[in-house]
Each structure stands twice: as structure tokens, then as C-alpha cells.
Amino acid sequence: MTSLLSVKNLTLSTTLDKKLLVDNVNFEILEGESVGIVGESGSGKTLTALSILGLLPKGVSQDSGEIIFQGKEISQADKAALQDVRGNRISMIYQDPMTSLNPMMKIGRQIQEAARAHNANDDEANVLKALQDVGIPSPESCFSSYPHEFSGGMRQRVMIAMSLLLRPNLLIADEPTTALDVTIQRQILNLVDEQRRNNAMSLLWISHDLSVVAELVDKVIVMYAGRIAEIGSVEEIFENPKHPYTAGLIGSLVKRKHQQKLISIPGNPPKPWTVANQCGFADRCAHVTQECRTSKPELVGEGNRSFACFNPMKGALL
Amino acid sequence: MLRVISSRFRSKVVSVCTTLFGISVFVFVVLRVIPGDAITSSFGQDTSNLTPATIKALKSYYGIDKPLLLQYLNWLKGFVTGNLGFAFHTGTPVTTLTANSFPVTLELALFASIIGVTLGTLMGIYSATQPGGRRDFFGQIFGLFALAVPSFVLSTLIVAVSANKFHYFPNGYEYSKPWQNLSLNLQQMMYPSIVLGIAVAAPVMRTARSSFIETQEKDFVRTAIGKGVNERRVRFVHVLRNSMNPIVTMTGIQFGYLLGGAVIVEQIFSLPGMGRQILDGIMKREYATVQSSVMIVAISFVVINLVTDLIYRKIDPRIR
């Protein structure tokens, strides 16, 4: 399989006081591959995703790094080139469906707008088909409704219909189920998975929930305090985690079978800029050594199986 | 649903009527509290030479010999039944005065608002594209300037420059109604509209700027950019429409002020509008003129408020 997107040495920081937010992130997504980024709030996973489409919020800027999509660097590209990629070849669905749609524009028009922006087929029939595909019960009435007339789950379906309309090569999903009820989460999860398979597209799914990611993706990227802690296939991550943080994440998953006490990782994640020259996990790690506090562990290993730890976990966890 | 609307409507009607009643009482009282009355304003220093009998006769002529409450009720009864009273110095009905002056003020307010809202909104957008940057700096300077420079300075400047340099003085002629001589009317309206338009543009610009800055940070704007929509469309379709409500509110307020008459500007450009009518009335203690004119202005304000509400509904589907 060929590479679809590769993020190289991505470093992000605050524009004003240059506080480090994302530190030297590298990963690759192959064509048709499904990749998950897992991490806590503030670990830099959302910023990493937003920077792919050049949608960084105000006050955050890209210090260095390349984003190569289909062989072309797009983070330094001109506006027209970026606009051509956005919504057309890379689409994104966002965390909060309640605020991600324009409240003053009818749903049909918002979807048509995505097509028009790329001179694609904006026929009503085409849009209705897209709405039907994501399980909207009555696409015709949805087409001429405003977002506030729908629930969060329905709005997220609309977002998915909109982002899939032009059959993108890559769908970025930034915690699209976090703001939804648990029962709805499951439906959206299945929907995205089904659509991904039908359209043979790549998926970058961002979540703080390792168990959600495990069901959807081939490869997991674990982020911690602005850095990648570990990359591996789902099986490798679950069966043989190398980074103590990954092991902690897996340990804290609820396992009903074993009826054991829920394990949590003590402490809180640090701000990335406070741990720029050491291992970010040092203060919460059971295996910490002097080295962890004085130098920064680099990612070691090959592209699809690597970790950043001086004292990796030995042996299988389960 | 219907009941909700009708109860909301009823409470609105009640609050409007209370406000208007309060204003009428206030104006009535203030007019009597300021020193002097119709007699002193007509006779000036000579008032002291009048005999008590003459004063009594004059008071009766001017209708100020009755108890205050009766005076008020008489005026109120007249106003409600459409009789706005008379300007006793000339004997002209206030209805006639207002029929002549209100259109002038309305036309001026319309032009000034169109200029002010267009200019203010565009300046606001221009500033908001670069908060804290160079564009914002120039926009803010404009806003401060337009707020700080008094209208008489700007008016005088315009009159002086156009009259001296270009020998152009449309306001030197007697005021022309639009249906008499449209071209002259528009020429006469141009300068005062610009002066008032700039005054309106300043608050509109500030409102538009902050509303724009707030809206362009919203998630749906990011969605639009993420869809590949171009920058101009994002700005004028997604951001502008969602920033409209505060701009409409500010426009309504400014338009209401303008309907109260721009005394100084009307004076400088010799336009016979509401401002002048009320000012004249105060100077001559024309009680009926002032009371009725102020009430008409107040009612216009209420009407504008209602129209603003309707515009909200038109713009925002969530409050339909």
C-alpha cells in the first residue's frame, strides 16, 4: 500500500509566547488504512489533526514540519491548493455537532455548499442520497430544515453526510462521539466504520477512549504531553505495550470479566512546554530513572512499531 | 402556541403603553418646571409691565390658567383623538407642523442610516479581519474619530470647504421637498446625511467589529473553511449573517435617535425637521408643540423597536 498522508516533524506552539504544544510528531497513513490517535485532553491530538487541514485555531502556529498528502506538501501550500484539498480529498468531522453547523443556513444548502466549493455535483438528489446513506429518516424534510431542529446525533450524521459527499481519500474524525449520548455513540461509530469500508477511504480517528479506537482502527498512535509515546498495530498495543503510559491506559480500561478494581494512573498530565527536555510521563511513571528527568526519549523502532521510552515494559501484559 | 404569542404580545403592549404614558408625564412636568412660560417668552422683559388683568387674559388665551392636571388631561385627550393642539404664536395646528417636519427628519434618518450602517459594517469587518493588526488600527482610529468629532465641527468643515472652494451651497436655498424638486432635495440632504452617517457609522463599526471577531471564532466557521469554501464566502455568508443581530440592534437605536431630530445638524444645514420644531417649541414655551412632537418621536422609537424584532425573526431561524 502506498502512503496517503505523512506528517513529518510537526511542531506546534503558541504564537505569542512560543509555548510548546506539539513536539516533533511523525506518522504516516497508508491508503485505505485506519489510524487512531489516543491521548488525554491537552496531549495535542486535536491540534495535530487540525494542522493537517491548516485549521489551527488563532494563537497556535506551526513552527516546523511538513504535511505531505498524496506526495505534495500542503501545510506551506497557497490558499487555493489548500482549499482544493479541504472537503474534497480530506474531510473532517468535529467534536461538537451542536456548534459545528451554521445555525442560520438550511442543512441542504450547507451540504450543497461543500459540493459547490469544488464544482462537484450539487443536485438535490445527490444530497438527499448522501443524507439517506447516513441514516437520516426523512432526507427531504432534513434538506430544508435548520440545524436547531435536530438532535446532536442527527447533526453529527449530517456532518458525516457532508464530509463524505465528495468521496474524500481521508476522513479525519476528531472525537465525533464525545458530545453524544452513549447509545448514539455506538450508532455513529458503526456508521463511520461502514462508510469507510464502503468508500475504501483512509480514516484518522482521534479519541481519548482507547476502547473505541480499538474497534475501528488498524494502527494506534498514543500521544502524551504533546509527543508520540507509542505507535503500533491494535494487537501490539494491547498485547505488548512498550510505553508505561500505554500500559497504564490499557490497565485502566474497565474489564467486567475480572471484577477487579479499576486501576488509574496517579497524577495529572503535564503541560507540554513544561517537559520539553525530559520524558513527559516521568512524574507519573513507576519505572522512572534519573535519565528520564534529564533527557528526552526519542521515538525508537520502525515506522509502524515504535515507542519513546528509556525503560520500556518487558513481556506481554495480558 | 397561539396563547404564548398572544400573552407575549399583550405584555409587550402593556409595557409600551406604560413607557409612552411615563414619557408624556415627564415631558409635561419638565416643561412646567423650567422657568418662564408662554407669556414671558413672548413679552420678555416687558412682562413685568403687564397688568394683572392682562396677564389673566393672556393666561386664559394660552390655556395655562387651568389646574395642571386638567391641562394634562386636556392635552392627552386631544392627542389620543388626533388633535395635537396648536402652536399659539402662529395659530398653526401641530399636526400641520409635524406633517411638514417629520418627512424631513425621516428622509435624513434614512439616508444617514444607510450611509452609517454600510460604512460602519464594512469598517467593522475590515477591522475584524486582523484584530490587533494594522487594519484594526486604522479601523479603530476611524471609529474613535467619528465618535469624538462633534457634528457641528464636521458640518462646519463641510459647509466651509464646499462653499468656499467649490462655490457649492445647496443649503443656501429654501428647503425643497423631494416631490417638489428631487434633485435639489437630494443635494440639500447630502451633507447632513454624510455628517450624521459618520456619527452613526462609529457605534455600528464598533458593534460590527466585536460581533465579527466573536463569530469568526465559532466552530461552524471552521467547518465552512474545512469544506473548502473560499475566504470571501466564509466572511460574507457565514460570519456576516451570524453577526447581524447586534448590528441590527445598534442600527435600530441609532435610527431612533435620528428620528428625534438632529438639532444641531438641522440648524446648520437649515433643514426644517423635528429637531428644529422641538427646539423652537421649547424656546417659545409652545407646550402643545413640544409635548405632541416628543410623543410622536417616542412612538416612532417604539415602532422601530417592533421592526427590529421582526428583522431578528427574519434573520435568525431559531427565534421564528
Side-chain angles (χ1 to χ4, degrees), chain A residues 15-16 49-50 52-59 79-107 109-120 144-149 155 158-159 162-163 165-166 168 172 174 179, chain B residues 1 121 125-137 208-249 308-320:
Chain A
T15 311
L16 281 183
L50 289 173
I52 294 172
L53 278 180
L55 294 176
L56 286 175
K58 206 189 292 164
K79 267 179 204 162
L82 200 53
Q83 268 168 24
D84 184 47
V85 172
R86 285 170 177 165
N88 187 15
R89 287 185 282 160
I90 305 179
S91 278
M92 186 153 177
I93 41 182
Y94 306 88
Q95 192 165 351
D96 191 354
M98 303 307 275
T99 57
S100 293
L101 289 163
N102 185 340
M104 300 207 188
M105 199 188 261
K106 285 181 180 165
I107 285 169
R109 279 203 56 208
Q110 298 198 42
I111 299 180
Q112 283 179 319
E113 194 185 30
R116 281 178 201 151
H118 301 286
N119 300 318
S144 49
S145 300
Y146 288 96
H148 71 274
E149 298 169 67
R155 291 190 212 186
V158 168
M159 285 297 297
M162 190 157 84
S163 53
L165 186 73
L166 302 177
I172 302 173
D174 179 18
Chain B
M1 189 63 190
T121 308
I125 295 174
Y126 180 76
S127 279
T129 51
Q130 245 183 29
R134 214 162 53 101
R135 288 178 167 195
D136 197 19
F137 179 76
R209 176 184 175 272
S210 58
S211 180
F212 238 77
I213 290 178
E214 197 190 313
T215 309
Q216 63 195 2
E217 294 295 305
K218 294 264 167 80
D219 285 351
F220 63 81
V221 174
R222 187 181 61 191
T223 307
I225 299 172
K227 282 194 290 197
V229 176
N230 70 46
E231 216 170 300
R232 181 182 301 162
R233 196 176 152 81
V234 169
R235 195 169 293 157
F236 285 98
V237 175
H238 292 271
V239 183
L240 181 60
R241 182 115 192 246
N242 281 280
S243 328
M244 272 327 275
N245 270 1
I247 300 176
V248 169
T249 309
T308 316
D309 270 11
L310 290 179
I311 295 177
Y312 282 158
R313 271 153 220 269
K314 189 86 194 132
I315 295 178
D316 193 339
R318 286 167 298 184
I319 46 178
R320 262 172 214 162

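What you see is a predicted model, and the numbers here were worked out from it, not measured in a lab. Reminder, nothing fancy here: chain letters follow the sequence lines and each chain counts from 1.
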- Task: Flag the one option from A/Ala80, A/Pro103, A/Gly54 with the top tally of heavy-atom pairs under 4.5 Å to chain B.
- Result: A/Pro103

- Among A/His118, A/Met92, A/Lys106, which residue forms the greatest number of heavy-atom pairs with chain B at distances under 4.5 Å?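 Ranked by heavy-atom pairs under 4.5 Å with chain B, first place is A/His118.
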
- Task: May I ask you to decide whether B/Arg241 forms a salt bridge with B/Asp316, counting only side-chain N to carboxylate O separations under 4.0 Å?
- Result: no

- Before accepting this row, confirm whether a basic side-chain N of the pair A/Glu113/A/Arg109 lies closer than 4.0 Å to the acidic partner's carboxylate O.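 A salt bridge is absent here (no side-chain N lies under 4.0 Å from a carboxylate O).
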
- Task: Please name all residues satisfying side-chain hydrogen bond (donor to acceptor under 3.5 Å, both in side chains) with B/Glu217, sequence neighbours left out, ordered by chain then number.
- Result: A/Lys58

What part of [X] lies closer than 4.5 angstrom to a heavy atom of chain B: side chain, backbone, both or neither?
{"X": "A/Ser91", "answer": "neither"}
{"X": "A/Met162", "answer": "side chain"}
{"X": "A/Leu50", "answer": "side chain"}
{"X": "A/Gln110", "answer": "both"}

- Item | Expected output: side-chain B/Thr129 to main-chain B/Tyr126 donor-acceptor under 3.5 Å |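 Yes, B/Thr129 side chain to B/Tyr126 backbone: donor-acceptor pair under 3.5 Å.
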
- Item | Any donor-acceptor pair under 3.5 Å from A/Arg86 side chain to A/Leu53 backbone | yes

